[in-house]
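Reckoned from all heavy atoms, side chains included, excluding hydrogens, waters and symmetry mates. Chain identifiers are assigned alphabetically (A, B, ...) following the order of the sequence lines, protein sequences preceding nucleic acid strands; residue numbering begins at 1 within each chain.
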Amino acid sequence: MIDLRTLREDPEAVRASQRARGEDEALVDALLSADERRRSAVAAADTLRAEQKQLGKQVGLARGEERDALLTKGKQLAADVRAAEAAQSAAEDELAKLHVAVPNVVHPDAPAGGEDDYVVLKEVGTPPEFDFEPVDHLDLGVRLGALDIERGAKVSGSRFYFLTGVGAQLQLALLNLAAAQATANGFTLMIPPVLVRPEIMAGTGFLGAHASEVYRLADDDLYLVGTSEVPLAGYHSDEILDLSAGPRRYAGWSSCFRREAGSYGKDTRGIIRVHQFDKVEMFVYCRPEDAEAEHARLLAWEEEMLAKIEVPYRVIDVAGGDLGMSAARKFDCEAWVPTQARYRELTSASNCTTFQARRLSVRYRDENGRPQAAATLNGTLATTRWIVALLENHQQADGSVLVPEALRPFLGVEVLRPV
RNA sequence: GGAGGCGUGGCAGAGCGGCCGAAUGCACCUGUCUUGAAAACAGGAGUCCUUCACGGGACCGGGGGUUCAAAUCCCUCCGCCUCCGCCA
């Protein structure tokens with residue numbers, strides 16, 4: 001949820017944000033007027049309640065005729081209060097409905113526009129030159145005995161796969177490398193639940209426009225998470241955190257589940273886009289004034305990981321229309337995929353400012369001891385998809401794949417060879 | 001799956017339908033005392049909404065009901081705990 005105080009003070013900023021996202025500006029004014037109506041409804045109901053409270057005290061003391069008269073008056077007041085409360089609650093519902101529909105206010109420096117309007121912030125490394133025809137990650141994976149898509153489909157359907165032998169080991173090595181880096185940087189490693197309650201899923205902003213992306217277990221009214229961001233954001237919900245010592249940093253290791261609804265025909269080959277994958281994700285709670293600096297740190301940590309697996313990549317500043325509901329700004333790192341001759345997303349670092357925290361009621365005490373909404377951020381350290389970039393960029397003519405130096409201690413071998 | 005119990009402030013734990021935002025203890029903060037600390041004593045201290053402010057209102061798991069009036073009575077949902085069974 002956006003901050004209504006900020007909205008009242010500077011509605012134009014929110015309108016500008018809606019424009020940057022390519023969304024409806026009128027929503028802003030509808031929200032403003034709903035806010036106004038709610039506040040007057042609250043004031044009216046408060047006044048009546050105060051009156052009723054006073055009267056109630058008198059009834060307790062009165063006797064005889066006086067008491068009867070007061071009771072009659074009380075009945076009338078009770079009806080008035082009931083009506084005023086109904087009006088208040090209607091106004092509150094209407095406000096809430098509009099409130100949750102407004103996405104986070106886009107950072108003023110984020111590019112406006114849609115998916116293709118990103119800005120490239122930098123490119124690191126150069127795409128490898130092969131003196132042979134490079135093979136894609138699926139063929140490589142099959143030859144290495146690392147990947148079995150056919151049986152994945154047999155057992156679970158399309159977009160499912162088995163990581164087999166060295167494939168499974170490779171993923172563990174990647175995730176362990178990520179977990180080790182996170183731990184070394186002061187993150188608390190977490191293995192969270194991957195099924196969450198509706199209010200947690202809603203609080204993270206995934207039940208809005210992206211609701212169809214989320215698996216739901218109807219019988220139990222639980223949702224399968226698409227990222228450990230969800231349980232980690234819920235971890236401190238309804239709490240007042242002590243952030244005086246700095247940000248709280250968590251690294252969540254979990255399986256992630258995505259329905260990939262509406263992506264028919266996209267990335268159908270291999271493990272680029274799948275229903276289930278594993279990920280180590282950084283998640284941070286901090287004071288709002290520290291969020292932007294923390295966002296830069298998350299990006300730096302992602303780049304540190306990419307450097308360790310030695311693949312060329314670029315960093316993009318994602319445009320407003322492609323941000324998702326909760327993010328104010330998002331930096332993606334995209335690795336070079338040789339057989340596609342283009343960059344593909346490997347990491348994503350979002351600054352959600354106070355948007356998620358306000359929904360989930362995560363607060364901290366400011367220097368005056370007042371509770372305030374905290375800021376939350378998240379960023380990727382490693383996922384199953386990284387295997388794609390790793391295999392393709394480090395392949396050799398004989399079908400073997402060189403293991404990057406940093407990964408060797410975790411994998412135990414220097415080269416993966418065809419079986 | 002079956003049986004039972006419980007949900008009150010940071011924690012523990014009281015609470016005849018009106019005088020209960022709520023006793024008491026612990027923890028906490030501020031003073032006094034002390035060279036300093038401890039102890040003792042005095043005081044303070046929840047969250048949310050609303051208001052420029054004074055103030056007003058809401059919150060005793062959630063929702064609904066009874067009543068002039070509900071932490072207290074009724075219904076319902078949710079959560080937690082214990083025991084038995086089953087599974088791993």
(Q) Between P on B/C11 and CD1 on A/Ile240, what's the gap in Å once rounded to a whole number? (A) 12 Å

Q: Apply salt bridge (charged side-chain N to carboxylate O under 4.0 Å, His left out) to A/Arg216 and list each qualifying residue two or more places apart in sequence or on a separate chain.
A: A/Asp221

Q) Using a cut-off of 4.0 Å on non-hydrogen atoms, how would the nucleic acid contact of A/Ala78 be classed: base, sugar-phosphate, or nothing? A) sugar-phosphate

Q. Between A/Glu12 and A/Arg15, is there a salt bridge with N-O shorter than 4.0 Å?
A. yes

Q: Quickly work out the A/Met1 CE to B/C49 P distance and round it to whole Å.
A: 10 Å

(Q) Between B/A14 and B/C26, how far apart are the two C1' atoms, rounded to whole Å? (A) 15 Å

Q.
Would you measure the distance from the C1' atom in B/A42 across to the matching atom in B/U47 and give it in whole Å?
A. 27 Å

Q) Between atom NZ in A/Lys53 and atom P in B/C20, what is the gap in whole Å? A) 12 Å

Q.
Tell me whether A/Asp267 is salt-bridged to A/Arg344, with the criterion being a basic N under 4.0 Å from an acidic carboxylate O.
A. yes

Q: Answer yes or no: does a side-chain N or O of A/Arg363 lie under 4.0 Å from OP1 or OP2 of B/C48?
A: yes

Q: Take atom CD of A/Glu115 as the centre, draw a 6.0 Å sphere, and report whether it contains more than 12 heavy atoms from other residues, nucleotides or ligands.
A: no

**Q.** Phosphate contact (B/A45 OP1 or OP2) by A/Arg370 side-chain N/O below 4.0 Å
**A.** no

**Q.** Pairwise C1' distance, B/C59 and B/G21 [rounded to whole Å]
**A.** 9 Å

Q.
Tell me whether A/Arg329 is salt-bridged to A/Glu292, with the criterion being a basic N under 4.0 Å from an acidic carboxylate O.
A. no

Q. In whole Å, what is the span from the CG atom of A/Asp238 to the P atom of B/C48?
A. 12 Å

(Q) Measuring only the P atom in each nucleotide, how far is B/U82 from B/C77? A whole number of Å is fine. (A) 23 Å

Q | Who pairs with B/A40 - Watson-Crick or G-U, where each distance is under 3.5 Å | A | B/U32

Q.
Can you measure A/Leu222 atom CG to B/G79 atom P for me and round it to whole angstrom units?
A. 9 Å

Q: Taking only the side-chain nitrogens and oxygens of A/Gln52, find out if one of them lies under 4.0 Å from OP1 or OP2 of B/A69.
A: yes

Q. Tell me: CD of A/Glu199 to P of B/C78, nearest whole Å?
A. 12 Å

Q) If each of A/Gly369 and A/Lys75 is mapped to the nucleotide of RNA chain B with the nearest heavy atom, which maps nearer the 5' terminus, i.e. the 5' end? A) A/Gly369

Q: Could you work out the separation of B/G17 and B/U66 based on their C1' atoms and round it to a whole Å?
A: 11 Å

Q) Just to confirm, is there a sub-4.0 Å distance from OP1 or OP2 of B/U50 to any side-chain nitrogen or oxygen of A/Arg8? A) yes

Q) Hey, which of these two, A/Arg49 or A/Arg39, hits RNA chain B nearer its 5' end, going by closest nucleotide? A) A/Arg39

Q) Does any nucleotide pair with B/C6 by Watson-Crick or G-U wobble geometry, both distances under 3.5 Å, and what is it? A) B/G79

Q | B/C84 and B/C48, which share atom name C1', separated by this distance in whole Å | A | 44 Å

Q: Quickly, which of A/Tyr250, A/Trp301, A/Phe283 forms a ring pair (Phe, Tyr, Trp, His ring centres under 6.0 Å) with A/Phe187? Name it, please.
A: A/Trp301

Q) Between B/G46, B/G56, B/U50, which nucleotide has the shortest distance from any of its atoms to the side chain of A/Asp46? A) B/G56

Q) Rounded to the Å, how far apart are A/Glu239 CD and B/U47 P? A) 15 Å

Q. Where the side chain of A/Arg82 is defined as all heavy atoms beyond and including C-beta, which of B/G56, B/U50, B/U66 is the nearest nucleotide?
A. B/U66

Q. What does A/Arg358 touch in the nucleic acid at a heavy-atom separation under 4.0 angstrom: a base, only the sugar-phosphate, or nothing?
A. nothing

Q. Of the candidate nucleotides B/A58, B/U47, B/G56, which contains the atom at the shortest distance from the side chain of A/Pro371?
A. B/U47

Q: Evaluate whether atom CD1 of A/Ile191 has more than 12 neighbouring non-hydrogen atoms of other residues, nucleotides or ligands under 6.0 angstrom away.
A: no

Q) For B/A22, which nucleotide in any strand shown is its Watson-Crick or wobble partner with both distances under 3.5 Å? A) none

Q.
Can you check the distance between B/G7 and B/A58, where both ends of the measurement are the P atom (answer in whole Å)?
A. 24 Å

Q) If only side-chain N and O atoms of A/Arg197 are considered, is one of them under 4.0 Å from the OP1 or OP2 phosphate oxygen of B/C78? A) no

Q: Rounded to the nearest angstrom, tell me the gap between atom CG in A/Leu48 and atom C1' in B/G57.
A: 11 Å

Q) In whole Å, what separates the C1' atom of B/A12 from that of B/A23? A) 14 Å

